[in-house]
Amino acid sequence: MEKQIPKHDLLIDGNWVPTEQGDYSTIINPATEEPIAYVAAGTEKDVDAATKAAKAALKTWNGITAAERGRILNRLADLMEAHQEEIIRLESLNGGKPVSAVRRQDMPAAIDTMRYYAGWTDKIMGQVIPARTDALTYTVREPVGVVGAIVPWNFPLMIGIWKIAPALACGCTLVVKPAEITPLSIIRIGELALEAGVPPGVLNIVTGKGRIVGDAMVAHPLIDKITFTGSPGVGRGIMEGAASNFKKITLELGGKSANIIFNDADLESAVRGAASGIFFNAGQVCSAGSRILAQRSVYYDVIDRLIERAKKIRIGDTASEDTIMGPLVSQRQFDAVMDYIEVGKREGAALAYGGERVGDKGFYIQPTLFTQVKNEMRISQEEIFGPVACVIPFDTEEEAVAIANGTAFSLAAGVWSRNGTRTNRVAQALKAGTVWVNTYGYTDIRLPWGGTGQSGFGREHGEAAIENFTEPKTIWVNLQER
Ligand code: NAD
């Protein structure tokens with residue numbers, strides 16, 4: 001019997017509705033290239049309807065106590081936990097991430113994020129500021145209003161929740177646009193949100209193309225803030241578009257992060273960290289350690305160990321618990337990464353391992369290592385967003401820092417050494433939003449996350465997100481009799 005392919009509509013004002021044009025796009029499993037769902041292709045009119053619903057729902061969402069909002073978000077976290085196995089499978093099927101990786105990272109992080117911000121709802125406070133003797137002066141923090149959340153395809157669930165949870169906690173309402181090719185987990189979250197008691201209109205989901213749905217959100221006068229994670233090119237367009245009504249924006253963009261291995265590092269753990277830093281999620285990670293800097297005396301040792309590790313990475317069926325690395329997310333991403341591999345060869349870097357497609361179904365590429373890379377090469381300057389590492393030698397600490405800082409990005413970096421003075425000195429000198437010392441790649445919702453320069457601006461997570469989704473209001477109460 002032929003398998004029934006599910007069809008998903010838009011979530012607008014608490015109802016699942018078809019787009020006004022009735023179009024759907026086909027969602028595929030990148031591991032098999034087979035269709036797994038049809039998802040509504042939203043239009044400008046759909047964005048308008050969702051935004052108006054979100055605007056109207058601000059009153060309802062802020063008409064209940066902060067504690068009650070927290071209880072609703074905790075119920076949503078409970079439901080995510082209760083349905084986690086199903087969501088893990090869905091995320092893996094849609095994004096090509098091995099189930100084991102989603103189970104270890106994305107899913108627990110998403111639940112943790114929802115609970116963390118559920119706890120914030122009744123702790124978002126203003127201040128009494130003693131400015132005058134003739135007035136009582138204080139601030140309150142108000143929600144910014146309607147938030148447009150634009151989510152990328154590399155961590156559809158986790159990054160989606162990084163935006164949804166704090167915005168809801170602050171009393172904002174949302175129009176969420178998942179990436180066109182990976183909407184399934186956030187659609188499921190939309191269903192669970194209704195079940196948890198999130199009132200109609202508070203969380204709206206408009207699936208569809210960036211150029212249509214995303215553009216319409218950026219241009220919409222009733223959207224007060226855009227929180228965006230994605231590529232620098234689209235980020236620039238959003239910044240320009242947001243000028244139309246002076247929208248507040250946060251941009252989390254790309255990276256070209258350096259992982260610096262000194263000769264006094266524990267090489268085994270440094271190489272383990274460096275390999276997972278670039279090969280985790282097939283390198284489709286904004287903070288991927290795509291430039292591995294190794295001190296010259298251990299350079300060849302590091303390369304040999306990296307090759308050994310690359311060889312052992314189990315690539316394959318994303319539904320299998322043993323798989324370590326899945327495919328790239330799409331044909332487009334596969335082509336872009338293969339192009340960069342050709343660029344690397346043309347630029348004169350040495351292809352030490354990988355560089356080939358794996359199998360003939362699914363968008364799999366071997367873990368790939370380029371050595372003899374010069375930092376000015378394109379493969380060392382541009383975000384490849386695939387399992388491709390550049391290994392670069394250095395002699396001194398100063399040189400390592402100069403190479404690490406020598407890109408337009410500044411999202412993250414790693415440093416490996418047994419010398420604590422050195423790791424602290426280098427951590428201070430690195431231009432990065434996050435520096436990992438003797439580890440790599442961890443994020444925690446309690447710690448600020450973001451970058452500067454071509455990596456964007458603003459911070460997500462922790463209290464920073466509360467500031468993103470609220471505005472302080474000053475209240476000045478005259479105390480003098482007139
Ligand atoms: P992308 O910029 O192509 O897409 C991101 C989102 O923007 C998608 O939902 C897409 O549909 C939407 N979009 C596309 N065109 C748009 C437009 N004109 N207006 C509004 N929205 C539009 O990026 P991607 O390929 O999905 O994601 C990969 C990029 O994201 C990489 O550069 C990566 O480094 C970055 N990223 C950054 C972080 C971070 O925290 N800094 C995290 C994950 C990914």
Side-chain angles (χ1 to χ4, degrees), residues 25 27 39 41-42 44 47 94-95 97 106 109 148-163 175-183 186 205-220 223 226-242 244 247 249-257 278 280-290 328-337 340 382-386 407-412 432-434 441 443 445 447-461 464-465:
S25 58
I27 305 298
V39 169
E44 195 180 334
V47 170
N94 193 177
K97 223 172 259 196
D106 309 51
I150 303 179
V151 181
W153 44 255
N154 61 341
F155 292 88
L157 171 71
M158 186 180 80
I159 295 183
I161 300 293
W162 282 0
K163 299 180 185 310
V175 178
V176 180
K177 195 203 91 58
E180 182 188 345
I181 54 176
T182 56
I186 289 295
I205 301 173
V206 183
T207 44
K209 285 195 163 52
R211 282 244 149 256
I212 298 171
V213 176
D215 277 355
M217 286 166 66
V218 173
H220 204 294
I223 292 190
I226 295 279
T227 166
F228 171 77
T229 300
S231 58
V234 174
R236 188 172 293 114
I238 288 177
M239 213 170 156
E240 285 163 7
S244 62
K247 282 185 179 65
I249 48 175
T250 332
L251 302 178
E252 303 287 352
L253 310 176
K256 195 72 197 177
S257 301
I278 180 63
F280 174 66
N281 203 25
Q284 304 165 112
V285 182
C286 49
S287 55
S290 48
L328 297 178
V329 74
S330 63
Q331 180 75 52
R332 201 173 135 208
Q333 195 59 20
F334 174 89
D335 292 342
V337 173
Y340 268 116
E382 297 174 20
E383 190 177 39
I384 298 176
F385 229 54
T407 75
F409 297 100
S410 61
L411 184 62
T434 296
T443 58
I445 198 60
L447 301 172
W449 179 250
T452 55
Q454 205 157 308
S455 298
F457 54 79
R459 291 291 180 272
E460 295 197 283
H461 297 189

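Start at 1 and go down the list; that is how both ligands and their atoms are numbered.
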Exercise for the section: Tell me, please: is Phe155 in heavy-atom contact with ligand 1, that is, under 4.0 Å? Expected result: no

Exercise for the section: Give the residue and atom name of whichever protein heavy atom lies nearest to atom 27 (O) of ligand 1, and the separation in Å to one decimal. Expected result: Pro152 CB, 3.6 Å

Handout entry: Ser455 side chain vs Leu411 backbone, donor-acceptor pair below 3.5 Å
Key = yes

Practice task
Among all protein heavy atoms, pick out the one at the shortest distance from atom 14 (C) of ligand 1; state its residue, atom name and that distance to 0.1 Å.
Solution key: Gly210 CA, 3.5 Å

Practice task
State the atoms of ligand 1, each with its element, that fall below the 4.0 Å cut-off from a heavy-atom position in Trp449.
Solution key: 40 (O)

Problem - Contact summary for Gly95 and Val329, nearest pair of heavy atoms - result: O-CG2, 3.9 Å

Exercise for the section: Classify the contact between Ile159 and ligand 1 as side chain, backbone, both or neither, using a heavy-atom distance cut-off of under 4.0 Å. Expected result: side chain

Handout entry: Gly230, any N or O under 3.5 Å of ligand 1 N or O
Key = yes

Handout entry: Nitrogen or oxygen of Ser231 less than 3.5 angstrom from that of ligand 1
Key = yes

Exercise for the section: Number the atoms of ligand 1 from 1 as they appear, then name those within less than 4.0 Å of a heavy atom of Trp153, with their elements. Expected result: 24 (P), 25 (O), 26 (O), 27 (O)

Handout entry: Glu44 CD: over 12 foreign heavy atoms closer than 6.0 Å
Key = no

Handout entry: Contact partition for Met217 relative to ligand 1, non-hydrogen atoms under 4.0 Å
Key = neither

Problem - atom 34 (O) of ligand 1: the protein heavy-atom neighbour that sits closest, reported with distance to 0.1 Å - result: Glu383 OE2, 2.6 Å

Problem - Proximal atoms of ligand 1 relative to Val234 (non-hydrogen, under 4.0 Å) - result: 2 (O), 13 (N), 14 (C), 15 (N), 16 (C), 17 (C), 21 (N), 22 (C)

Exercise for the section: Kindly say whether Gly255 contributes a backbone atom to a donor-acceptor pair with the side chain of Gln454 at under 3.5 angstrom? Expected result: no

Handout entry: Closest protein heavy atom to atom 39 (C) of ligand 1, given as residue, atom name and distance to 0.1 Å
Key = Cys286 SG, 3.1 Å

Exercise for the section: Could you tell me whether Ile238 and ligand 1 have an N or O pair separated by under 3.5 Å? Expected result: no

Practice task
Determine yes or no for a side-chain-to-main-chain donor-acceptor pair under 3.5 angstrom, with Ser257 supplying the side chain and Ala412 the backbone.
Solution key: yes

Fill in the blank from the handout: Near Gly214 (heavy-atom distance under 4.0 Å), the atoms of ligand 1 are 19 (N), 20 (C), 21 (N)

Handout entry: Parallel, tilted or perpendicular: ring planes of His461 versus Trp449, cut at 30 and 60 degrees
Key = parallel

Handout entry: Over all atoms of both residues, closest heavy-atom pair of Val285 and Asn154
Key = CA-ND2, 4.0 Å

Handout entry: Region of Asp215 engaging ligand 1 - heavy atom pairs below 4.0 Å
Key = both

Completion exercise
Residue set satisfying salt bridge (Lys or Arg N to Asp or Glu O under 4.0 Å) with Lys97, at least two apart, ordered chain then number -> Asp106

Exercise for the section: Flag Lys209 as yes when one of its N or O atoms lies below 3.5 Å from any N or O atom of ligand 1, and as no otherwise. Expected result: no

Fill in the blank from the handout: The protein heavy atom nearest to atom 28 (C) of ligand 1 is Phe385 CE2, 3.4 Å

Practice task
Among all protein heavy atoms, pick the one closest to atom 6 (C) of ligand 1 and tell me residue, atom and distance.
Solution key: Ile150 CG2, 3.5 Å

Problem - Carboxylate-amine/guanidinium contact Arg459 Glu252, below 4.0 Å - result: no

Problem - Whether Lys256 side chain and Glu382 backbone form a donor-acceptor pair below 3.5 Å - result: yes

Completion exercise
Contacts of Asn281 meeting side-chain hydrogen bond (donor to acceptor under 3.5 Å, both in side chains) (sequence neighbours excluded), chain-then-number -> none

Problem - Check: Val218 main-chain N/O paired with Lys247 side-chain donor or acceptor under 3.5 Å - result: yes

Fill in the blank from the handout: Nearest heavy atom to atom 5 (C) of ligand 1, choosing from Thr229, Thr182, Asn154, Ile181, belongs to Thr229

Handout entry: For atom 11 (O) of ligand 1, the protein heavy atom that lies nearest, with its residue and separation
Key = Lys177 NZ, 2.8 Å

Problem - From the candidates Val213, Leu253, Thr443, the one that places a heavy atom nearest atom 37 (C) of ligand 1 - result: Leu253

Handout entry: Donor-acceptor contact present, side-chain Glu180 to main-chain Ala41, <3.5 Å
Key = no

Exercise for the section: May I ask you to check whether Trp162 has an N/O atom sitting below 3.5 Å from an N/O atom of ligand 1? Expected result: no

Problem - Least distance between heavy atoms, Gly235 atom then Leu253 atom - result: CA-CD2, 4.0 Å

Fill in the blank from the handout: Atoms of ligand 1 under 4.0 Å from any heavy atom of Ala179, numbered from 1 in the order shown, are 8 (C), 9 (O)

Practice task
Give the residue and atom name of whichever protein heavy atom lies nearest to atom 9 (O) of ligand 1, and the separation in Å to one decimal.
Solution key: Val151 O, 2.7 Å

